[in-house]
Amino acid sequence: MRRQTVFFLSVALFLVNCNQNFPEGALLISETDTSYNEDIISVSRKISKNPFTAENYYLRGNAFYFQKDFKNAVIDFNTALGLEPKNPLYRYRIAETYLEQDSANFEEASKHLKAAVQLKPDYAEAQYLYAKLLLARQQYELSEPILKKLAKNPDFGTKAQLLRVVALKEQKDTLMAMAVLDDILVRDPNNYDATMQKAMFLMNKDLALASQYVDKALVIDEFSAEALYAKAYIQQQNKQYANAEILYNRVIKINPSHVFAHYNLAVIQALFDNHDAVVDLCSKILDLEPENFKAYTLRGYAFEQQGNKKAARLDYQAALNIKPDYSQAQEYLKELI
(Lines give C-alpha, C1' and ligand atoms only; values in the text may rest on other atoms or scores of the structure.)
Protein backbone atom coordinates (compact mmCIF):
# COMPACT_ATOMS: atom_id res chain seq x y z
CA MET A 1 0.00 0.00 0.00
CA ARG A 2 2.82 2.36 0.92
CA ARG A 3 4.54 1.61 -2.42
CA GLN A 4 1.35 2.58 -4.29
CA THR A 5 1.13 5.84 -2.34
CA VAL A 6 4.74 6.65 -3.19
CA PHE A 7 4.06 5.76 -6.84
CA PHE A 8 1.01 8.03 -7.15
CA LEU A 9 2.86 10.82 -5.36
CA SER A 10 5.73 10.42 -7.81
CA VAL A 11 3.34 10.64 -10.77
CA ALA A 12 1.75 13.76 -9.31
CA LEU A 13 5.13 15.39 -8.81
CA PHE A 14 6.12 14.43 -12.35
CA LEU A 15 3.02 16.11 -13.77
CA VAL A 16 3.65 19.25 -11.75
CA ASN A 17 7.23 19.36 -12.95
CA CYS A 18 6.03 18.91 -16.57
CA ASN A 19 3.67 21.85 -16.24
CA GLN A 20 6.47 23.94 -14.76
CA ASN A 21 8.33 23.44 -18.04
CA PHE A 22 5.82 25.79 -19.68
CA PRO A 23 4.96 29.42 -18.92
CA GLU A 24 2.14 29.92 -16.45
CA GLY A 25 -1.25 29.90 -18.15
CA ALA A 26 0.13 28.56 -21.45
CA LEU A 27 -2.20 26.51 -23.64
CA LEU A 28 -0.83 22.97 -23.94
CA ILE A 29 -1.81 21.10 -27.09
CA SER A 30 -0.83 17.51 -27.79
CA GLU A 31 0.56 16.61 -31.21
CA THR A 32 -2.06 13.86 -31.39
CA ASP A 33 -5.04 16.12 -30.69
CA THR A 34 -7.11 15.82 -33.88
CA SER A 35 -9.48 18.64 -32.85
CA TYR A 36 -6.85 21.13 -34.15
CA ASN A 37 -5.67 21.50 -37.74
CA GLU A 38 -2.13 21.00 -38.97
CA ASP A 39 -1.20 24.70 -38.69
CA ILE A 40 -1.94 24.65 -34.96
CA ILE A 41 -0.27 21.26 -34.42
CA SER A 42 2.81 22.34 -36.34
CA VAL A 43 3.39 25.40 -34.12
CA SER A 44 2.48 23.37 -31.03
CA ARG A 45 5.40 21.03 -31.84
CA LYS A 46 7.72 24.04 -31.85
CA ILE A 47 6.26 25.16 -28.52
CA SER A 48 6.86 21.70 -27.03
CA LYS A 49 10.51 21.91 -28.07
CA ASN A 50 11.00 25.55 -27.04
CA PRO A 51 8.24 26.36 -24.52
CA PHE A 52 9.73 29.71 -23.47
CA THR A 53 10.06 31.21 -26.97
CA ALA A 54 7.51 34.00 -27.21
CA GLU A 55 7.50 34.02 -31.02
CA ASN A 56 6.00 30.51 -31.11
CA TYR A 57 2.98 31.53 -29.02
CA TYR A 58 2.59 34.63 -31.17
CA LEU A 59 2.58 32.54 -34.35
CA ARG A 60 0.04 30.10 -32.96
CA GLY A 61 -2.05 33.02 -31.72
CA ASN A 62 -2.10 34.34 -35.28
CA ALA A 63 -3.22 30.93 -36.55
CA PHE A 64 -6.07 30.90 -34.02
CA TYR A 65 -6.97 34.49 -34.94
CA PHE A 66 -7.35 33.75 -38.65
CA GLN A 67 -9.49 30.73 -37.77
CA LYS A 68 -11.66 33.11 -35.71
CA ASP A 69 -10.83 31.18 -32.53
CA PHE A 70 -10.36 34.41 -30.61
CA LYS A 71 -10.49 32.82 -27.17
CA ASN A 72 -7.40 30.69 -27.76
CA ALA A 73 -5.72 33.50 -29.69
CA VAL A 74 -5.99 35.68 -26.58
CA ILE A 75 -4.42 32.94 -24.45
CA ASP A 76 -1.46 32.58 -26.80
CA PHE A 77 -0.92 36.32 -27.24
CA ASN A 78 -1.06 36.76 -23.46
CA THR A 79 1.53 34.02 -23.06
CA ALA A 80 3.77 35.71 -25.63
CA LEU A 81 3.34 39.00 -23.76
CA GLY A 82 4.19 37.36 -20.48
CA LEU A 83 7.50 36.33 -22.00
CA GLU A 84 8.12 39.62 -23.86
CA PRO A 85 5.99 42.35 -22.23
CA LYS A 86 7.77 45.13 -24.13
CA ASN A 87 6.95 43.80 -27.59
CA PRO A 88 4.61 46.37 -29.24
CA LEU A 89 3.52 43.95 -31.98
CA TYR A 90 2.18 41.47 -29.42
CA ARG A 91 0.30 44.32 -27.72
CA TYR A 92 -1.24 45.37 -31.02
CA ARG A 93 -2.31 41.86 -31.99
CA ILE A 94 -3.98 41.08 -28.68
CA ALA A 95 -5.83 44.39 -28.88
CA GLU A 96 -7.11 43.45 -32.35
CA THR A 97 -8.25 40.12 -30.98
CA TYR A 98 -10.09 41.65 -28.02
CA LEU A 99 -12.00 43.86 -30.47
CA GLU A 100 -12.93 40.93 -32.72
CA GLN A 101 -14.65 38.96 -29.97
CA ASP A 102 -18.46 38.92 -29.78
CA SER A 103 -18.28 40.85 -26.53
CA ALA A 104 -15.51 43.25 -27.47
CA ASN A 105 -13.29 44.13 -24.52
CA PHE A 106 -12.66 47.83 -25.13
CA GLU A 107 -10.82 48.37 -21.86
CA GLU A 108 -8.24 45.64 -22.46
CA ALA A 109 -7.84 46.64 -26.11
CA SER A 110 -7.33 50.27 -25.14
CA LYS A 111 -4.76 49.34 -22.49
CA HIS A 112 -2.67 47.30 -24.93
CA LEU A 113 -2.90 49.82 -27.78
CA LYS A 114 -1.84 52.64 -25.50
CA ALA A 115 1.11 50.53 -24.33
CA ALA A 116 2.04 49.64 -27.94
CA VAL A 117 2.15 53.32 -28.91
CA GLN A 118 4.19 54.19 -25.85
CA LEU A 119 6.66 51.40 -26.64
CA LYS A 120 6.88 52.40 -30.31
CA PRO A 121 5.78 56.02 -30.89
CA ASP A 122 5.91 55.66 -34.69
CA TYR A 123 3.71 52.53 -34.73
CA ALA A 124 1.14 53.79 -37.26
CA GLU A 125 -1.07 50.66 -37.24
CA ALA A 126 -1.44 50.82 -33.46
CA GLN A 127 -2.04 54.58 -33.53
CA TYR A 128 -4.78 54.19 -36.12
CA LEU A 129 -6.58 51.39 -34.28
CA TYR A 130 -6.24 53.29 -30.99
CA ALA A 131 -7.73 56.43 -32.55
CA LYS A 132 -10.53 54.35 -34.06
CA LEU A 133 -11.27 52.85 -30.65
CA LEU A 134 -11.27 56.27 -28.99
CA LEU A 135 -13.63 57.53 -31.68
CA ALA A 136 -15.98 54.60 -31.09
CA ARG A 137 -16.04 55.65 -27.42
CA GLN A 138 -16.73 59.26 -28.51
CA GLN A 139 -13.47 60.45 -26.94
CA TYR A 140 -12.93 62.98 -29.70
CA GLU A 141 -10.45 65.17 -27.84
CA LEU A 142 -8.11 62.18 -27.45
CA SER A 143 -8.51 60.79 -30.97
CA GLU A 144 -8.11 64.13 -32.82
CA PRO A 145 -4.36 64.73 -32.15
CA ILE A 146 -3.56 61.12 -33.10
CA LEU A 147 -5.50 61.42 -36.36
CA LYS A 148 -3.90 64.75 -37.21
CA LYS A 149 -0.48 63.18 -36.72
CA LEU A 150 -1.43 60.17 -38.85
CA ALA A 151 -2.72 62.46 -41.60
CA LYS A 152 0.92 63.04 -42.54
CA ASN A 153 1.65 59.32 -42.82
CA PRO A 154 1.77 58.15 -46.47
CA ASP A 155 0.13 54.81 -45.66
CA PHE A 156 -2.52 55.98 -43.18
CA GLY A 157 -3.07 59.61 -44.16
CA THR A 158 -6.30 59.19 -46.10
CA LYS A 159 -7.73 56.63 -43.68
CA ALA A 160 -6.97 58.95 -40.77
CA GLN A 161 -8.60 61.91 -42.53
CA LEU A 162 -11.71 59.85 -43.22
CA LEU A 163 -11.92 58.99 -39.53
CA ARG A 164 -11.63 62.70 -38.77
CA VAL A 165 -14.60 63.30 -41.07
CA VAL A 166 -16.65 60.80 -39.06
CA ALA A 167 -15.60 62.47 -35.80
CA LEU A 168 -16.40 65.95 -37.07
CA LYS A 169 -19.73 64.79 -38.45
CA GLU A 170 -20.67 63.28 -35.09
CA GLN A 171 -19.76 66.56 -33.41
CA LYS A 172 -22.00 68.46 -35.90
CA ASP A 173 -19.03 70.33 -37.39
CA THR A 174 -20.22 69.96 -40.97
CA LEU A 175 -18.11 72.76 -42.43
CA MET A 176 -14.84 71.33 -41.13
CA ALA A 177 -15.86 67.80 -42.17
CA MET A 178 -16.53 69.03 -45.71
CA ALA A 179 -13.19 70.86 -45.76
CA VAL A 180 -11.35 67.67 -44.78
CA LEU A 181 -13.23 65.70 -47.46
CA ASP A 182 -12.35 68.29 -50.09
CA ASP A 183 -8.70 68.07 -49.05
CA ILE A 184 -8.77 64.28 -49.48
CA LEU A 185 -10.39 64.56 -52.91
CA VAL A 186 -7.84 67.15 -54.09
CA ARG A 187 -5.02 64.76 -53.22
CA ASP A 188 -6.84 61.57 -54.20
CA PRO A 189 -9.67 62.35 -56.67
CA ASN A 190 -10.60 58.68 -57.12
CA ASN A 191 -10.98 57.85 -53.46
CA TYR A 192 -14.25 55.93 -53.24
CA ASP A 193 -14.91 56.46 -49.52
CA ALA A 194 -14.36 60.23 -49.67
CA THR A 195 -16.54 60.47 -52.78
CA MET A 196 -19.42 58.64 -51.10
CA GLN A 197 -19.03 60.68 -47.90
CA LYS A 198 -19.27 63.84 -49.98
CA ALA A 199 -22.42 62.52 -51.68
CA MET A 200 -24.01 61.73 -48.32
CA PHE A 201 -23.29 65.23 -47.03
CA LEU A 202 -24.95 66.72 -50.10
CA MET A 203 -27.96 64.41 -50.14
CA ASN A 204 -30.23 66.74 -48.15
CA LYS A 205 -28.75 69.96 -49.53
CA ASP A 206 -28.16 69.59 -53.26
CA LEU A 207 -29.61 66.41 -54.76
CA ALA A 208 -28.28 67.15 -58.25
CA LEU A 209 -24.71 67.60 -57.01
CA ALA A 210 -25.04 64.58 -54.73
CA SER A 211 -26.06 62.58 -57.80
CA GLN A 212 -22.85 63.61 -59.59
CA TYR A 213 -20.73 62.30 -56.72
CA VAL A 214 -22.71 59.05 -56.58
CA ASP A 215 -22.17 58.57 -60.31
CA LYS A 216 -18.46 59.18 -59.79
CA ALA A 217 -18.43 56.58 -57.00
CA LEU A 218 -20.06 54.08 -59.36
CA VAL A 219 -17.36 54.72 -61.95
CA ILE A 220 -14.82 53.83 -59.25
CA ASP A 221 -16.80 50.78 -58.09
CA GLU A 222 -19.72 49.82 -60.32
CA PHE A 223 -20.76 46.95 -58.03
CA SER A 224 -20.97 49.00 -54.83
CA ALA A 225 -24.30 48.27 -53.13
CA GLU A 226 -23.90 51.49 -51.14
CA ALA A 227 -23.51 53.68 -54.22
CA LEU A 228 -26.25 51.88 -56.14
CA TYR A 229 -28.59 52.34 -53.19
CA ALA A 230 -27.79 56.06 -53.06
CA LYS A 231 -28.46 56.39 -56.80
CA ALA A 232 -31.77 54.52 -56.41
CA TYR A 233 -32.75 56.78 -53.51
CA ILE A 234 -32.03 59.89 -55.60
CA GLN A 235 -34.14 58.49 -58.45
CA GLN A 236 -36.94 57.80 -55.98
CA GLN A 237 -36.74 61.36 -54.62
CA ASN A 238 -36.98 62.60 -58.22
CA LYS A 239 -40.08 60.39 -58.72
CA GLN A 240 -38.24 58.27 -61.29
CA TYR A 241 -39.78 55.17 -59.74
CA ALA A 242 -39.12 52.70 -62.57
CA ASN A 243 -35.39 53.52 -62.55
CA ALA A 244 -35.31 53.41 -58.76
CA GLU A 245 -36.97 49.98 -58.77
CA ILE A 246 -34.37 48.59 -61.18
CA LEU A 247 -31.54 49.94 -59.04
CA TYR A 248 -32.99 48.70 -55.74
CA ASN A 249 -33.27 45.23 -57.27
CA ARG A 250 -29.61 45.43 -58.29
CA VAL A 251 -28.70 46.35 -54.72
CA ILE A 252 -30.64 43.36 -53.38
CA LYS A 253 -28.95 41.06 -55.90
CA ILE A 254 -25.53 42.22 -54.65
CA ASN A 255 -26.57 42.28 -51.00
CA PRO A 256 -29.71 40.22 -50.25
CA SER A 257 -29.67 41.48 -46.65
CA HIS A 258 -29.92 45.18 -47.59
CA VAL A 259 -32.93 46.12 -45.44
CA PHE A 260 -33.25 49.70 -46.72
CA ALA A 261 -33.34 48.60 -50.35
CA HIS A 262 -36.11 46.12 -49.54
CA TYR A 263 -38.05 48.77 -47.63
CA ASN A 264 -37.82 51.51 -50.24
CA LEU A 265 -38.76 49.03 -52.94
CA ALA A 266 -41.81 48.13 -50.84
CA VAL A 267 -42.71 51.83 -50.56
CA ILE A 268 -42.64 52.14 -54.36
CA GLN A 269 -44.82 49.05 -54.71
CA ALA A 270 -47.29 50.56 -52.24
CA LEU A 271 -47.50 53.75 -54.32
CA PHE A 272 -48.75 51.64 -57.24
CA ASP A 273 -51.07 49.47 -55.13
CA ASN A 274 -48.98 46.32 -55.62
CA HIS A 275 -49.97 45.12 -52.17
CA ASP A 276 -48.95 41.47 -52.63
CA ALA A 277 -45.43 42.63 -53.44
CA VAL A 278 -45.47 44.94 -50.39
CA VAL A 279 -46.42 42.04 -48.12
CA ASP A 280 -43.66 39.83 -49.58
CA LEU A 281 -40.98 42.52 -49.30
CA CYS A 282 -41.94 43.53 -45.76
CA SER A 283 -42.00 39.89 -44.69
CA LYS A 284 -38.43 39.52 -46.02
CA ILE A 285 -37.42 42.61 -44.06
CA LEU A 286 -38.90 41.17 -40.87
CA ASP A 287 -37.02 37.92 -41.44
CA LEU A 288 -33.83 39.97 -41.62
CA GLU A 289 -34.73 42.45 -38.90
CA PRO A 290 -37.60 41.33 -36.63
CA GLU A 291 -37.70 44.64 -34.75
CA ASN A 292 -38.32 46.77 -37.86
CA PHE A 293 -41.47 48.64 -36.83
CA LYS A 294 -41.71 50.47 -40.16
CA ALA A 295 -41.92 47.16 -42.03
CA TYR A 296 -44.72 46.02 -39.72
CA THR A 297 -46.58 49.26 -40.35
CA LEU A 298 -46.18 49.15 -44.13
CA ARG A 299 -47.19 45.49 -44.26
CA GLY A 300 -50.17 46.30 -42.07
CA TYR A 301 -51.18 49.01 -44.53
CA ALA A 302 -50.92 46.51 -47.42
CA PHE A 303 -53.05 43.99 -45.50
CA GLU A 304 -55.62 46.70 -44.83
CA GLN A 305 -55.79 47.62 -48.51
CA GLN A 306 -56.36 43.94 -49.29
CA GLY A 307 -59.28 43.92 -46.86
CA ASN A 308 -57.49 41.81 -44.23
CA LYS A 309 -58.18 44.05 -41.23
CA LYS A 310 -57.31 41.38 -38.67
CA ALA A 311 -53.78 40.96 -40.08
CA ALA A 312 -53.45 44.74 -40.42
CA ARG A 313 -54.40 45.27 -36.78
CA LEU A 314 -51.86 42.68 -35.64
CA ASP A 315 -49.08 44.35 -37.63
CA TYR A 316 -49.92 47.87 -36.43
CA GLN A 317 -49.93 46.61 -32.86
CA ALA A 318 -46.63 44.78 -33.40
CA ALA A 319 -45.10 48.04 -34.63
CA LEU A 320 -46.37 49.88 -31.55
CA ASN A 321 -45.08 47.14 -29.23
CA ILE A 322 -41.63 47.87 -30.63
CA LYS A 323 -42.00 51.68 -30.83
CA PRO A 324 -45.03 52.89 -28.84
CA ASP A 325 -44.71 56.49 -30.07
CA TYR A 326 -44.60 55.68 -33.80
CA SER A 327 -47.26 58.07 -35.05
CA GLN A 328 -47.85 56.38 -38.43
CA ALA A 329 -48.86 53.08 -36.81
CA GLN A 330 -50.93 54.95 -34.20
CA GLU A 331 -52.90 56.78 -36.91
CA TYR A 332 -53.46 53.67 -39.05
CA LEU A 333 -54.61 51.66 -36.03
CA LYS A 334 -56.94 54.44 -34.89
CA GLU A 335 -58.50 54.74 -38.37
CA LEU A 336 -58.86 50.94 -38.58
CA ILE A 337 -60.84 50.79 -35.35
Side-chain angles (χ1 to χ4, degrees), residues 19-29 36-37 39-40 42-164 166-167:
N19 286 335
Q20 287 176 346
N21 288 330
F22 287 85
E24 185 177 352
L27 178 63
L28 307 183
I29 295 177
Y36 297 100
N37 65 23
D39 288 340
I40 300 298
S42 176
V43 186
S44 296
R45 289 194 193 101
K46 294 180 181 179
I47 289 172
S48 296
K49 292 177 182 177
N50 299 286
F52 286 88
T53 301
E55 177 75 6
N56 289 335
Y57 294 99
Y58 167 72
L59 291 173
R60 193 172 67 179
N62 274 333
F64 278 128
Y65 179 90
F66 289 114
Q67 293 173 27
K68 298 189 184 302
D69 185 349
F70 301 122
K71 181 180 177 181
N72 281 331
V74 165
I75 294 172
D76 273 352
F77 288 141
N78 264 322
T79 304
L81 273 173
L83 294 168
E84 290 185 17
K86 292 187 177 181
N87 188 310
L89 175 60
Y90 298 171
R91 297 276 179 185
Y92 172 73
R93 292 296 283 135
I94 195 170
E96 275 192 314
T97 309
Y98 276 127
L99 294 175
E100 286 288 345
Q101 291 177 307
D102 290 336
S103 298
N105 192 328
F106 291 101
E107 287 72 21
E108 282 296 311
S110 178
K111 178 184 78 175
H112 286 293
L113 287 170
K114 189 175 181 179
V117 172
Q118 288 173 341
L119 288 164
K120 187 179 178 183
D122 62 345
Y123 197 170
E125 290 90 343
Q127 290 175 341
Y128 179 76
L129 187 57
Y130 187 39
K132 197 173 181 180
L133 179 58
L134 291 170
L135 180 56
R137 306 297 292 231
Q138 297 184 323
Q139 295 178 341
Y140 306 116
E141 70 287 351
L142 295 177
S143 65
E144 178 70 3
I146 300 173
L147 292 173
K148 280 187 173 181
K149 180 181 178 181
L150 277 175
K152 301 173 185 177
N153 184 293
D155 296 321
F156 285 85
T158 299
K159 292 169 68 175
Q161 288 289 70
L162 284 167
L163 272 189
R164 284 190 69 210
V166 174

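All figures in this text were calculated on a predicted structure; none of them were measured in a lab. One is the number of the first residue; the rest follow in order along the sequence.
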- Query: Which heavy atom in K149 sits nearest to a heavy atom in P121, and how many Å separate them?
  - Reply: NZ-O, 3.5 Å
- Message: Once side-chain hydrogen bond (donor to acceptor under 3.5 Å, both in side chains) is applied, do any residues pair with E55, and if so which ones, sequence neighbours excluded?
- Response: Y90
- Query: How would you list all residue pairs meeting ring-ring contact (aromatic ring centres under 6.0 Å, His included) that involve residues 127-162, not counting sequence neighbours?
  - Reply: Y128-F156
- Message: Distance check, rounded to the nearest 0.5 Å: L27 atom CG versus F22 atom CZ?
- Response: 10.5 Å
- Message: Can you tell me how far apart CG (L59) and CD1 (I40) are? Round to the nearest 0.5 Å.
- Response: 10.5 Å
- Message: Side chains of L89 and Y58, heavy atoms from C-beta outward: is any pair under 4.5 Å?
- Response: yes
- Note on the structure: Heavy-atom closest pair (N153 atom, A124 atom, distance to 0.1 Å) is ND2-CB, 3.6 Å
- Task: Would you mind reporting whether Y98 and L133 have side-chain heavy atoms less than 4.5 Å apart?
- Result: no
- Residues two or more places apart in sequence or in another chain: which of them pass ring pair (Phe, Tyr, Trp, His ring centres under 6.0 Å) with Y57? none
- Hits for side-chain hydrogen bond (donor to acceptor under 3.5 Å, both in side chains) against Q67, two or more places apart or cross-chain, chain-then-number order -> N37
- For R45, salt bridge (charged side-chain N to carboxylate O under 4.0 Å, His left out) partners two or more places apart: E31, E38
- Output all residues satisfying side-chain hydrogen bond (donor to acceptor under 3.5 Å, both in side chains) with D102, sequence neighbours left out; order by chain, then residue number. none
- Item | Residue pair I29 / S44: nearest heavy atoms and the distance that separates them | CB-OG, 3.6 Å
- Note on the structure: On a heavy-atom basis, the closest approach of S143 and A131 is CB-O, 3.7 Å
- Item | K148 NZ to Q161 CD distance, which is reported to the nearest 0.5 Å | 9.5 Å
- Query: Among all residues two or more places apart in sequence or in another chain, which pass the salt bridge (charged side-chain N to carboxylate O under 4.0 Å, His left out) test with E141?
  - Reply: none
- Message: On a heavy-atom basis, which atom in V43 and which in N56 lie closest, and how many Å separate them?
- Response: CG1-O, 3.2 Å
- Query: Nearest heavy-atom pair of L99 and L129: which atoms, and what distance?
  - Reply: CD1-CD1, 4.0 Å
- Query: When rounded to the nearest 0.5 angstrom, what distance separates CG in L147 from NZ in K159?
  - Reply: 12.0 Å
Give the table of side-chain donor-acceptor pairs shorter than 3.5 Å for residues 68-80, with sequence neighbours excluded, one pair per line with atom names and distance.
from : atom 1 : to  : atom 2 : distance (Å)
D69  : OD1    : N72 : N      : 3.3
D69  : OD2    : N72 : ND2    : 2.9
D76  : OD1    : R60 : NH2    : 2.9
D76  : OD2    : R60 : NE     : 2.7
N78  : ND2    : V74 : O      : 3.4
T79  : OG1    : I75 : O      : 2.8

Could you tabulate the donor-acceptor pairs under 3.5 Å formed by side-chain atoms of residues 108-117, not counting sequence neighbours?
from : atom 1 : to   : atom 2 : distance (Å)
E108 : OE1    : K111 : NZ     : 3.1
E108 : OE2    : K111 : NZ     : 3.4
H112 : ND1    : R91  : NH1    : 3.1

- Message: Tell me every residue that passes side-chain hydrogen bond (donor to acceptor under 3.5 Å, both in side chains) with Q118, counting only those two or more places apart in sequence or in another chain.
- Response: none
- Query: If you look only at pairs with a residue in residues 115-134, which of them pass as a salt bridge (charged side-chain N to carboxylate O under 4.0 Å, His left out), with sequence neighbours excluded?
  - Reply: none
- Query: What residues form a ring pair (Phe, Tyr, Trp, His ring centres under 6.0 Å) with Y92, not counting sequence neighbours?
  - Reply: Y123
- Task: With rounding to the nearest 0.5 Å, note down the distance linking CG in L135 to CD in E144.
- Result: 10.0 Å
